[in-house]
Amino acid sequence: MTSRTDCSRYRAERAGSTRCRNEGGTAAFFVLRGRRAPFVWKGVSTLSKESYVERITPQDENFSRWYTDVVRGAELADYAPVRGCIVVRPHGYAIWENIQGGLDARFKETGVQNAYFPMLIPESIFAKEAEHIEGFAPEVPWVTHAGGEELQERLGIRPSSETIIGTMFAKWVESYRDLPLLINQWCSVMRWEKATYPFLRTSEFLWQEGHTCHRDEEEARKRAEMMIEVYRDFIEETLAIPVAVGLKSESEKFAGAIDTFTVEALMQDGRALQAGTSHYLGDGFAEVLGIEYLDEDGHLKPVHQTSWGVSHRLIGGLIMVHGDNRGLVLPPAIAPVQVVVVPIYRDDTRDAVLGACEQLEQELADLRVHVDDREEHTPGWKFNEWELRGTPLRVELGPRDLENDQVMLVRRDTGDKTPIPRAELVTTASETLDAIQKDMYGKARKFREDNTHRAESVDELDALMKGERGFVLGGWCGSSECEAKIKAETGATIRCLPFGEHKYGSGTCLSCSKQNVPAVIFARAY
RNA sequence: CGGAGCGUAGCGCAGCUUGGCUAGCGCGCCUGCUUUGGGAGCAGGAGGUCGCGAGUUCAAAUCUCGCCGCUCCGACCA
């Protein structure tokens, strides 16, 4: 009874992991916790004996190291033998699959269909839109040889697919009756980055790119705004990450777009993360690619387009918004395993405990539940392991619980440990998961509010950027000169010109002191 | 792209300054027994092209040159 298929999956996933190290090292993935340093968590002090305990670099000691510790420790990703590329491991990929599932359903609700286009783009096609190729040229790898011969025409590896998809759209769109055309593809793209960082900036990354064609500007703009709203909804509801929604400045816009809408999140180190973008492309691509339709009035007109995407960077956002010094903390809605059951037994109680666990697993079948019945680890080891992996809820079941007809329920986000009567577990578990989801969003939202400041001058902005950082609201007159100057002096960029409920009124331009200009969000960005 | 550092067993490191026997240590892994409510104990065991390529030398993990990769800190980007 102790072996089940999902169980062996978890075993396979863990193959090759290690978490301890010797005394005496310095820069390290896992740092030695000093002898007799008590492992303190929520008032629980343990491990008083001399023992080596793996530790993640604390966030406030070195946030970057903490981040990479979590990425590798939670087995989300590993470095690949290709420069700048990561391997997304099963646990990380399971999160990605849940992101895909949630977004894909939302896309389809708005009438979008999935398709797939080639990864290789002939140079002649890629080069058709001038701004587009100019923006991406430095980051595009080219295939020049194949079949043992030099190719007649170089093939670019897609950094984004506007041109190749548009080329196909030109064949498919003939009449206004073919519009709107709403297509999405899940794929990976490649951008040859100078400096890479797991999930946040890798040479190849997983994403989705939606591409749509419309009859006029109004309809296309509506679609671009609709999709940024889909992102906002998903990221806030499912990933429990609050975002600011707004418009990108000219310099931060997508190469070839008229307008770029963005959702911006704030990480725990006070830096901003662009979590998703949606572009109104105008008819620029349509003009050069010949995506034209015959309108009711008998005239041939170019379509108005949009494109929009999010990437596996969202996983980086999850880590940096919710994680703590014990590792990853996952919102229940996205967690591959929502409830882990850890049996605690001796030889004489083994069968009873494992039997009860199997029963729990059946009772909790509506949730994503996993019984960790591995023989080779102690319960304490498993507690740490599942906390590092971010599992929202843990159920502990041992002989004492059997006697009292109860289980222990432990929340990952707060560490709270509560005995629950067996009969109430199913209800309490799903209620607690709902509470965790809500509380995690609330906590992240409060963090953002506590770390959103106002600045009246470049000096004030600079002081904030040198200190605790965060979102800084300040006036901006709209000129690229002032934007560039502010960036040069403070390192902060304009994350967005907020709209909707995120508007913050007006102020004085931080750089040129022009009065009554809109307030925008400044931040150091990833 | 600049500055700094690193690359020796699956992971973390020592050895390198001053070249020399069989390259060590901890964790992990394997076997056995005892264990199991916050990373268990004992015993035995397996595991290495010392990042890659040249060079110097009787002899290179160690010295020289080149290349590759990674990490951290700054400038550019989903």
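All chains are named by letter (A, B, ...) in the order of the sequence lines, taking the proteins before the strands, and each is independently numbered beginning at 1.
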Protein-proximity profile, nucleotides 71-78 of chain B, B/S/- by nucleotide at the 4.0 Å heavy-atom cutoff, equals SSS--SBB

Can the ring centres of A:F254 and A:F261 be said to be less than 6.0 Å apart?
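Not close enough - the centres of the two rings lie 6.0 Å or further apart.
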
Does a distance-only test, which skips hydrogens and angles, find a donor-acceptor pair under 3.5 Å between the side chain of A:R346 and the base of B:G37?
no

Per the atom types in the model, does the base of B:G38 pair as donor or acceptor with the side chain of A:E385 at under 3.5 Å?
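No, no donor-acceptor pair under 3.5 Å.
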
Base partner of [N], which must satisfy Watson-Crick or wobble distances under 3.5 Å:
N	answer
B:G47	none
B:G69	B:C6
B:G37	none
B:G32	B:C42

Could you tell me how far apart A:D351 (CG) and B:U36 (C1') are, to the nearest whole angstrom?
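One finds 15 Å between C1' of B:U36 and CG of A:D351, rounded.
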
Write down the distance separating the C1' atoms in B:G32 and B:A61, rounded off to the nearest Å.
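Those two atoms are separated by 37 Å.
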
Note: for A:C85 and A:L402 on RNA chain B, the residue whose nearest nucleotide lies more 5' is A:L402

Summary of salt bridge (charged side-chain N to carboxylate O under 4.0 Å, His left out) pairs that have at least one residue in residues 264-282 of chain A, sequence neighbours excluded
A:K248-A:E264, A:E264-A:R495

Excluding sequence neighbours, so at least two apart, what forms side chain to side chain donor-acceptor pair (under 3.5 Å) with A:Q208?
A:N184, A:Y231

Need one value for A:P343: base, sugar-phosphate or nothing, where a base atom within 4.0 Å counts as base even if backbone is also close, heavy atoms only.
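No contact at all - A:P343 keeps every heavy atom at 4.0 Å or more from the nucleic acid.
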
For A:G84, which contact category applies under a 4.0 Å heavy-atom criterion: base, sugar-phosphate, or nothing?
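If one applies the 4.0 Å heavy-atom cut-off, A:G84 turns out to touch the sugar-phosphate alone, with no base involved.
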
